[in-house]
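In what follows, every heavy atom counts, from backbone to side chain, and hydrogens, waters and symmetry copies are set aside.
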Amino acid sequence: MPEAPEVQTVLNTLKTQIKDVAIENVFVYYSKIVENVEVENFKKQLKGQRFRTFSRIGKYLIFGLDNYDLVVHLRMEGKFYLYDTLCEDKHIHIVFQLSNGKYMSYHDTRKFGRMYLYLKKADIHSYDCFKNVGYDYMDERVNGMYFYNAVHSLKRNLKSCLLDQSIMAGVGNIYADEICFEVGLDPRSRASRLSKKDCEAIVLATKRILQGATRFGGTTIRSYTSSLGVTGRFQLHLKVHDQTRCRVCNQNIRKITVSQRGTYICPNCQKKK
């Protein structure tokens with residue numbers, strides 16, 4: 001699943017291609033992608049709208065239009081393609097015909113992705129699709145004390161807290177491993193045993209690692225790319241995830257299962273609390 005850096009890469013790339021471009025027509029081939037409005041209303045309300053702003057909360061893309069906000073969650077396999085013609089493909093489920101002659105096509109092999117359309121509000125956190133989504137990891141309200149208050153009473157491990165989008169949005173499996181390695185903590189550490197100092201280090205590492213990944217266009221592992229001519233290069237800088245030997249101590253990296261997710265750790269550099 002694309003995480004915040006990959007989503008931001010998609011947004012940044014689309015911004016250069018479709019900013020201020022109008023939607024002339026919308027083709028919906030799989031109606032379940034559209035979550036909160038009737039398909040015909042979705043198509044009608046989008047016609048004539050221009051893409052004005054490009055933002056993100058966690059793993060959600062937010063296209064600010066003239067009168068609406070179009071929110072997209074790519075889930076496991078969702079991707080956007082820009083074509084010069086209307087392409088037919090069994091995995092293309094929604095197409096936006098644009099005023100610049102392009103066709104922005106939403107491709108999703110598993111059909112898990114979702115789109116939401118809302119009449120603009122000042123507080124986008126009020127949209128129902130965000131009811132279980134916490135502050136984005138880059139939100140100024142997210143700091144060490146915020147994270148400590150959110151997790152210190154939980155009977156859960158650190159990795160599950162990092163993956164919980166209701167606590168801090170944007171972190172997925174790959175970056176959770178990198179964050180735990182960066183702060184020297186075993187991902188199985190109990191959240192209730194984390195100190196305020198630990199939580200401060202965790203939040204700072206999260207911001208640093210995900211911002212660094214964004215600068216490199218995200219991480220291209222397995223099937224994920226931005227599909228817009230941008231390939232992530234952060235996988236070249238991963239220190240623990242999908243690695244065999246630790247870059248710090250040269251010991252073997254172990255792959256274990258934490259919170260039902262494949263997890264990479266250095267038993268020497270990461271300590272369990």
Side-chain angles (χ1 to χ4, degrees), residues 1-7 9 58-59 74-77 110 134 137 142 144 147-148 150-225 231-273:
M1 178 184 290
E3 303 177 33
E6 291 76 45
V7 171
T9 298
K59 303 174 185 180
L74 301 173
R75 298 286 176 89
M76 295 295 292
E77 297 286 344
R110 297 194 181 186
Y137 81 96
V142 175
F147 191 75
Y148 176 81
V151 307
H152 81 278
S153 63
L154 301 179
K155 296 180 180 179
R156 295 162 54 183
N157 62 60
L158 170 57
K159 183 162 186 178
S160 73
C161 292
L162 289 171
L163 295 176
D164 188 337
Q165 300 302 294
S166 71
I167 295 174
M168 179 171 60
V171 179
N173 195 49
I174 295 172
Y175 297 115
D177 285 354
E178 293 298 302
I179 293 162
C180 289
F181 179 80
E182 182 76 12
V183 299
L185 289 172
D186 188 307
R188 296 167 294 185
S189 297
R190 292 288 294 270
S192 59
R193 294 177 180 169
L194 298 175
S195 68
K196 293 177 182 178
K197 185 176 180 180
D198 290 331
C199 291
E200 182 70 25
I202 288 165
V203 171
L204 289 175
T206 299
K207 294 176 185 287
R208 182 168 58 250
I209 289 169
L210 270 67
Q211 282 183 291
T214 301
R215 287 194 295 272
F216 284 103
T219 302
T220 303
I221 290 180
R222 304 181 184 93
S223 66
Y224 182 76
T225 66
T231 300
R233 292 175 287 118
F234 192 70
Q235 71 272 13
L236 303 175
H237 301 269
L238 294 174
K239 294 180 179 178
V240 67
H241 187 89
D242 210 28
Q243 305 300 300
T244 55
R245 299 187 75 83
C246 177
R247 296 187 181 186
V248 175
C249 70
N250 205 37
Q251 297 295 310
N252 289 333
I253 298 293
R254 286 182 58 203
K255 185 178 181 181
I256 60 176
T257 300
V258 181
S259 296
Q260 301 179 321
R261 306 296 298 273
T263 301
Y264 295 83
I265 68 167
C266 174
N268 185 53
C269 293
Q270 295 172 255
K271 307 305 179 185
K272 188 175 180 180
K273 283 200 166 187

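- A donor-acceptor contact shorter than 3.5 Å is absent between the side chain of Glu182 and the backbone of Glu178.
- For the atom pair CD (Gln270) and SG (Cys249), the distance works out to 9.5 Å, reported to the nearest 0.5 Å.
- Checked against side chain to side chain contact (heavy atoms under 4.5 Å, CB included), Asn252 has the following partners two or more places apart in sequence or in another chain: Arg245.
- Every side chain to side chain contact (heavy atoms under 4.5 Å, CB included) that Lys197 has, sequence neighbours left out, goes to Ser195.
- Checked by atom type and distance alone, the side chain of Asn173 pairs as donor or acceptor with a backbone atom of Gly262 at under 3.5 Å.
- Here the shortest heavy-atom pairing between Cys266 and Ile253 reads CB-CD1, 3.8 Å.
- For the residue pair Val151 and Ala191, the shortest heavy atom distance occurs at O-CB, 3.5 Å.
- A side-chain donor-acceptor contact under 3.5 Å links Thr263 to the backbone of Arg261.
- Under the salt bridge (charged side-chain N to carboxylate O under 4.0 Å, His left out) criterion, Arg193 pairs with no residue at all, not counting sequence neighbours.
- Among all heavy-atom pairs drawn from Ala176 and Val171, the shortest one is N-CG1, 3.8 Å.
- To the nearest 0.5 angstrom, Tyr175 atom OH is 6.5 Å from Leu210 atom CG.
- Considering CZ of Arg254 and CG of Asn268, their distance stands at 12.5 Å, rounded to 0.5 Å.
- The structure places SG of Cys180 at 12.5 Å from NE2 of His241, a figure rounded to the nearest 0.5 Å.
- Atom OG1 of Thr214 and atom CD1 of Ile209 lie 12.0 Å apart (nearest 0.5 Å).
- Side-chain atoms of Glu3 do not come within 3.5 Å of backbone N or O of Lys59 as any donor-acceptor pair.
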Practice task
For Lys273 and Leu158, run side-chain contact (heavy atoms from CB on, under 4.5 Å): C-alpha distance rounded to whole Å, both residues' side-chain angles, the deciding distance at 0.1 Å, then the answer.
Solution key: CA-CA 10 Å; Lys273 283 200 166 187; Leu158 170 57; over 6 Å; no

Practice task
Walk me through it: do Asp177 and Lys239 pass the test salt bridge (charged side-chain N to carboxylate O under 4.0 Å, His left out)?
Solution key: CA-CA 9 Å; Asp177 285 354; Lys239 294 180 179 178; over 6 Å; no

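- A 4.5 Å side-chain heavy-atom check between Tyr264 and Leu238 finds every atom pair outside the cut-off.
- Under the salt bridge (charged side-chain N to carboxylate O under 4.0 Å, His left out) criterion, Arg156 pairs with Asp164, not counting sequence neighbours.
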Practice task
Apply side-chain contact (heavy atoms from CB on, under 4.5 Å) to Val183 and Asp198, showing your working.
Solution key: CA-CA 8 Å; Val183 299; Asp198 290 331; over 6 Å; no

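- In plain terms, the two heavy atoms of Ser259 and Asn157 that are nearest each other are OG-ND2, 3.2 Å.
- Not one N or O on the side chain of Glu77 forms a donor-acceptor pair closer than 3.5 Å with the backbone of Arg110.
- Residues satisfying the salt bridge (charged side-chain N to carboxylate O under 4.0 Å, His left out) test with Lys196, not counting sequence neighbours, are none.
- Lys155 places a side-chain heavy atom less than 4.5 Å from the side chain of Arg190.
- Put simply, the side chain of Ser189 reaches to within 4.5 Å of the side chain of Lys272, judged on heavy atoms.
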Exercise for the section: Please assess Phe147 against Thr206 for the test side-chain contact (heavy atoms from CB on, under 4.5 Å), listing each intermediate value before the final yes or no. Expected result: CA-CA 11 Å; Phe147 191 75; Thr206 299; over 6 Å; no

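- Scored by the side chain to side chain contact (heavy atoms under 4.5 Å, CB included) test, Ala169 finds Val133, Gln165 as partners (sequence neighbours excluded).
- Looking at Tyr137 and Gln211, their side chains come closer than 4.5 Å, going by heavy atoms from C-beta outward.
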Exercise for the section: Output, in order, the C-alpha distance, side-chain angles, deciding distance and verdict of side-chain contact (heavy atoms from CB on, under 4.5 Å) for Leu194 and Tyr148. Expected result: CA-CA 8 Å; Leu194 298 175; Tyr148 176 81; 5.6 Å; no

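- Across all non-hydrogen atoms, the minimal contact from Cys161 to Leu154 is SG-CD1, 4.1 Å.
- Separation of atoms CG (Asp186) and SG (Cys269) is listed at 12.0 Å; rounding is to 0.5 Å.
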